[in-house]
J.: 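Can you keep this structure in mind? I'll have questions shortly.
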Amino acid sequence: SPPSNTSAPAAEKTSSAPAPKRLTLAYDKAHTPKPVVGTAIEATAEGLPPNKTVRLAWGTVEGGWVIEDYFHFRGKKYAETMRPLSEATTDAGGRLNARFAIPEDFGGVHEVFVRDGDTTLAQGGLEVAQTFELSPKEGPVGTTIELRVKGLGWRTMESTWVVSWDNH
């Protein structure tokens, strides 16, 4: 007979909550090929509890560079978190139809959750693209130009960009 510690699988966590439903996130692709900060999003789901007020939450990260003794760079450290987006009420058939604008945040993939208290009823995701804006767009030699970027990612390959100007 095998030892008792190898004869049974490890206990698994069980939850009485059903798996989250699919949250569909749509936007006007003719106007905005990729979603960016400020894009209007239509969030829809079915099979939710009827006539229920729910919260929409934005999945993101908090954190940044880890610096010791004012100048020793030790890397980056981020933790997943959620931010509130809005509230909405499902209809009598358990359908959700809500709108929100992508908040100013890191770019990259974000999850959107439909929550009832601490329970996730539905979830979906979208990828937020970066935008770059120069101001002013033209001027005489010596004009100071500001480059504004929204939606930079928090991961290394999504947050590193190179800007070249006048061969510098």
J.: Hey, is NZ on K76 packed in by over 12 heavy atoms from elsewhere, all under 6.0 Å?
T.: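 Atom NZ in K76 is packed in, count exceeds 12.
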J.: Do T131 and V149 have side chains that get closer than 4.5 Å, going by heavy atoms?
T.: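 Of all side-chain heavy-atom pairs linking V149 with T131, none is under 4.5 Å.
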J.: If you measure from CG on L147 to CZ on F132, what distance do you get to the nearest 0.5 Å?
T.: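 CZ of F132 is found 7.0 Å from CG of L147.
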J.: With a 4.5 Å cut-off on side-chain heavy atoms, are Y27 and I102 touching?
T.: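 Heavy-atom side-chain distance check fails, nothing below 4.5 Å.
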J.: M82 pairs by side chain to side chain contact (heavy atoms under 4.5 Å, CB included) with which of E111, R115, R55?
T.: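 Testing each of E111, R115, R55 against M82, the sole residue satisfying side chain to side chain contact (heavy atoms under 4.5 Å, CB included) is R115.
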J.: Do R74 and E68 meet the salt-bridge criterion of a basic N to acidic O distance under 4.0 Å?
T.: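 Counted as a salt bridge, because a side-chain N and a carboxylate O are separated by less than 4.0 Å.
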J.: Give the minimum heavy-atom separation between P49 and T90, together with the two atoms involved.
T.: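 Minimum heavy-atom separation between P49 and T90: O-OG1, 2.6 Å.
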J.: Heavy atoms, side chains only, cut-off 4.5 Å: are E104 and K150 in contact?
T.: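 They are in contact (side-chain heavy atoms under 4.5 Å apart), so the answer is yes.
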J.: Ion pair present between R83 and D105, side-chain N to carboxylate O less than 4.0 angstrom?
T.: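 D105 and R83: salt-bridged.
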J.: Where do A88 and A98 come nearest, in terms of heavy atoms and distance?
T.: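 Smallest heavy-atom distance, with atoms named: CB-CB, 3.8 Å.
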J.: What is the minimum heavy-atom distance between A43 and F100, and which atoms define it?
T.: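 Looks like CB-CE2, 4.2 Å.
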J.: Do Q130 and W161 pass the side chain to side chain contact (heavy atoms under 4.5 Å, CB included) test, and can you show the C-alpha distance, the side-chain angles, and the key distance before you say yes or no?
T.: CA-CA 11 Å; Q130 300 85 29; W161 291 84; 3.6 Å; yes
J.: Would a 4.5 Å heavy-atom cut-off, applied to side chains only, mark F106 and L152 as touching?
T.: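 Side chain of F106 against side chain of L152, heavy atoms only: no contact under 4.5 Å found.
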J.: Taking the side chain as C-beta and beyond, is there a heavy-atom pair between F113 and L85 under 4.5 Å?
T.: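 Contact flag for F113/L85 side chains = no.
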J.: So, the side chain of T39 versus the backbone of V36: is there a donor-acceptor pair under 3.5 Å, distance only?
T.: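 Checking the backbone N and O of V36 against the side chain of T39, a donor-acceptor pair under 3.5 Å is found.
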J.: How far apart are the C-alpha atoms of E87 and V54, what are their side-chain angles, what is the distance that settles it, and do they pass the side chain to side chain contact (heavy atoms under 4.5 Å, CB included) test?
T.: CA-CA 6 Å; E87 283 190 352; V54 295; over 6 Å; no
J.: Could you tell me whether the side chain of S135 reaches within less than 4.5 Å of the side chain of I145, counting heavy atoms only?
T.: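 No, too far: nothing below the 4.5 Å cut-off.
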J.: At their closest point, which heavy atom of V37 faces which heavy atom of G151, and how far apart are they?
T.: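 Nearest heavy atoms, V37 then G151: CG2-N, 4.3 Å.
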J.: So how far is it from K29 NZ to K34 NZ, rounded to the nearest 0.5 Å?
T.: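 If I round to the nearest 0.5 Å, the distance is 12.5 Å.
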J.: Return yes if some donor-acceptor pair links the side-chain N/O of D91 with the main-chain N/O of G93 below 3.5 Å, else return no.
T.: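 Indeed, once roles are kept as given, a pair shorter than 3.5 Å links the two residues.
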J.: Does any part of the side chain of L25, heavy atoms only, come nearer than 4.5 Å to the side chain of V112, both counted from C-beta?
T.: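 A side-chain contact under 4.5 Å exists here.
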J.: Can you name the nearest heavy-atom pair linking D116 to K52, along with the distance?
T.: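 Heavy atoms of D116 and K52 come nearest at OD2-CE, 3.0 Å.
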J.: Got a second to check how far T24's OG1 is from I41's CD1, nearest 0.5 Å?
T.: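 Reported value, rounded in 0.5 Å steps: 12.0 Å.
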J.: Can any side-chain N or O of T81 pair as donor or acceptor with the backbone N or O of E62 at less than 3.5 Å?
T.: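 Pair absent, no side-chain N/O of T81 close to backbone of E62.
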J.: Just by distance, do the side chain of H110 and the backbone of L126 share a donor-acceptor pair under 3.5 Å?
T.: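 No, the answer is negative, given that no donor and acceptor are paired below the 3.5 Å cut-off.
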J.: If you count the non-hydrogen atoms of other residues, nucleotides and ligands that lie under 6.0 Å from NE2 in H72, is the total more than 12?
T.: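 More than 12 within 6.0 Å, yes.
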J.: Restricting to non-hydrogen atoms, name the atom on A101 and the atom on G38 that form the minimum distance, rounded to 0.1 Å.
T.: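 Residues A101 and G38, closest heavy atoms: CB-O, 3.9 Å.
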J.: Any side-chain heavy atom of L96 within less than 4.5 Å of one from V114?
T.: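 Yes, their side chains come closer than 4.5 Å.
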